[in-house]
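Everything on this sheet refers to the single structure shown next.
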Amino acid sequence: MNEKGLDQLSKRSSVEDYIGFERTSATKNEYLNGKMLARSGSNRWHNLIVANTAIAVGSKMHGHKCEIYISNMRVKLASNFICYPDIVIVNGEPKFSDNNYDMLLNPTVVVEIFSNQTNSSDKTKKLENFLEMESIRECLLLKEDEMRVEHYARQNAKQWIYRIYNERDDVVSMDSVNCKISVAEIYAQIKFKQAEFASKAVN
């Protein structure tokens, strides 16, 4: 599709138009209320945090019927919102929109990286959609520029427990996928202004 076509699609499009474009596009775009939103690139620290978290979780998933998708899996949260979470975990059989297996309908855990530059309204809007998704049991928001993990754990349809972890020895328990990872594992090799945190495995 040419630049003019993309511009027209960005103004207003159906989910079908968006999916048709996205499957042939060299770039990734999210979809919100009929509009396509370009997904921004990620830096060194963002990529390391994603890799660290996925490796830490994956190393503890032996024998569990879970699948982990990193950065490239489209997730349909609502009829008007489709996005690419940094990490998605599915406990049990994944469900997809069709036989292309490229748009997930039943995420169990979503992980997003954010920074001080992240637009607060964008972060809030995405989080609200995560928490409204019936299949999502837990949501992790990981800070890119400081050691901070925000953990939302569903208790029932209307109640979530919110925890903040900001010490390297803290352990995040994701009960929905029977997995525990340390903050030190998440932030292994990440250099902040005055500190460097080494990996610490959780047995």
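Numbers here are sequence positions counted from 1.
- The minimum heavy-atom distance between Val109 and Ser176, with the atom names listed, is CG2-OG, 3.4 Å.
- In this model, a donor atom of one side chain and an acceptor atom of the other lie less than 3.5 Å apart for Glu67 and Tyr69.
- Taking the side chain as every heavy atom from C-beta outward, Val149 and Asp170 never approach each other to under 4.5 Å.
- Distance CG/Leu77 to CG/Leu105: 10.0 Å, rounded to 0.5 Å.
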*Would you sort out whether Arg168 and Tyr187 count as a side chain to side chain donor-acceptor pair (under 3.5 Å), showing the intermediate values?*
CA-CA 8 Å; Arg168 61 172 306 181; Tyr187 288 100; over 6 Å; no
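- Between Asn29 and Ala38, the closest heavy-atom pair is OD1-CA, 3.4 Å.
- The side chain to side chain contact (heavy atoms under 4.5 Å, CB included) test applied to Ser135 returns Asn106, Pro107, Met133, not counting sequence neighbours.
- Side-chain N or O atoms of Glu150 include none that pairs as donor or acceptor with a backbone N or O of Leu140 at under 3.5 Å.
- To the nearest 0.5 Å, atom CG of residue Asp175 and atom CG of residue Asn91 are 11.5 Å apart.
- Residues satisfying the side chain to side chain contact (heavy atoms under 4.5 Å, CB included) criterion with Lys125, sequence neighbours excluded, are Leu32, Asn129.
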_Test side chain to side chain contact (heavy atoms under 4.5 Å, CB included) applied to Glu138 and Thr108, step by step_ = CA-CA 7 Å; Glu138 296 178 82; Thr108 306; over 6 Å; no
*Decide yes or no on side chain to side chain contact (heavy atoms under 4.5 Å, CB included) for Val110 and Glu112, but give the supporting numbers first.*
CA-CA 7 Å; Val110 290; Glu112 278 284 300; 5.8 Å; no
*Would you check, one step at a time, whether the test salt bridge (charged side-chain N to carboxylate O under 4.0 Å, His left out) holds for Lys35 with Glu30?*
CA-CA 8 Å; Lys35 291 187 177 182; Glu30 297 186 329; over 6 Å; no
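- Hydrophobic clustering places Met36 together with Tyr84 (ILVMFWY residues linked when any side-chain heavy atoms are closer than 4.5 Å, directly or through intermediates).
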*Could you walk me through whether Val90 and Leu104 pass the side chain to side chain contact (heavy atoms under 4.5 Å, CB included) test, one step at a time?*
CA-CA 9 Å; Val90 180; Leu104 183 68; 3.5 Å; yes
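- Side-chain polar atoms of Lys28 and Asn72 form a donor-acceptor pair below 3.5 angstrom.
- Val111 and Met61 fall within the same hydrophobic cluster, defined by Ile, Leu, Val, Met, Phe, Trp and Tyr side-chain heavy atoms under 4.5 Å apart, directly or through other members.
- Here CZ of Arg154 is found 13.0 Å from CZ of Phe130. Values are rounded to the nearest 0.5 Å.
- Note that the CD1 atom of Ile113 and the CG atom of Leu141 stand 9.0 Å from one another [nearest 0.5 Å].
- Between Val183 and Glu167 there is no side-chain heavy-atom pair separated by less than 4.5 Å.
- Linking Ile, Leu, Val, Met, Phe, Trp and Tyr residues whenever their side-chain heavy atoms come within less than 4.5 Å places Ile70 and Ile181 in a single cluster.
- Crowding of Arg44 atom CZ: a count of heavy atoms from other residues, nucleotides or ligands under 6.0 Å not exceeding 12.
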*Begin with the C-alpha distance, continue with both residues' side-chain angles, and end with the deciding distance and a verdict on side chain to side chain donor-acceptor pair (under 3.5 Å) for Lys143 and Asn166.*
CA-CA 10 Å; Lys143 197 76 181 290; Asn166 54 13; over 6 Å; no
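- Rounded to the nearest 0.5 Å, atoms CZ (Arg74) and NZ (Lys76) are 12.0 Å apart.
- Rounding to the nearest 0.5 angstrom, the gap separating the OG atom in Ser97 from the CD1 atom in Ile19 is 6.0 Å.
- Evaluation of the ring pair (Phe, Tyr, Trp, His ring centres under 6.0 Å) rule for Tyr152 yields Tyr162 as partners, not counting sequence neighbours.
- Screening residues 22-52 for ring-ring contact (aromatic ring centres under 6.0 Å, His included) gives Tyr18-Tyr31 as the qualifying pairs, with residues at least two apart or on separate chains.
- A single hydrophobic cluster is seen to contain both Val50 and Ile68, as judged by linkage of ILVMFWY side chains at heavy-atom distances under 4.5 Å, directly or through other members.
- Every residue meeting the side chain to side chain donor-acceptor pair (under 3.5 Å) condition with Ser42, not counting sequence neighbours, appears here in chain and number order: Asn47.
- Put simply, the side chain of Ile164 reaches to within 4.5 Å of the side chain of Arg148, judged on heavy atoms.
- Residues Tyr165 and Ser182 have side chains not in contact (no heavy-atom distance under 4.5 Å, counting atoms from C-beta outward).
- Lys60 and Asn178 share no donor-acceptor pair across their side chains, judged by distance under 3.5 Å alone.
- No donor-acceptor contact under 3.5 angstrom links the side chains of Glu185 and Asn52, judged on distance only.
- With sequence neighbours left out, the side chain to side chain contact (heavy atoms under 4.5 Å, CB included) criterion links Glu128 to Thr124.
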*Yes or no on side chain to side chain donor-acceptor pair (under 3.5 Å) for Glu144 and Asn43, after CA distance, side-chain angles and deciding distance?*
CA-CA 10 Å; Glu144 176 186 299; Asn43 63 21; 2.8 Å; yes
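- Residue Ile55 is not grouped with residue Leu142 when hydrophobic side chains (ILVMFWY) are merged at heavy-atom distances under 4.5 angstrom, including chains of intermediate members.
- Between the side chains of Asn100 and Asp98, at least one donor N or O sits under 3.5 Å from an acceptor N or O.
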*Passes side chain to side chain contact (heavy atoms under 4.5 Å, CB included), Ile82 versus Val15? Steps please.*
CA-CA 9 Å; Ile82 301 169; Val15 171; 3.9 Å; yes
*Using the salt bridge (charged side-chain N to carboxylate O under 4.0 Å, His left out) rule, take Lys65 and Glu93 through it: C-alpha gap first, then chi angles, then the decisive distance, then the call.*
CA-CA 8 Å; Lys65 189 173 174 56; Glu93 191 66 29; 3.5 Å; yes
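- Across all their heavy atoms, Ala56 and Ser59 have their closest contact at O-OG, 2.9 Å.
- Counting heavy atoms from C-beta outward, Ile190 and Ile49 have side chains that approach closer than 4.5 Å.
- Under the 4.5 Å side-chain criterion, counting only non-hydrogen atoms from C-beta, Glu16 is not in contact with Phe21.
- Environment of CD in Glu134: sparse, with no more than 12 heavy atoms of neighbouring residues, nucleotides or ligands closer than 6.0 Å.
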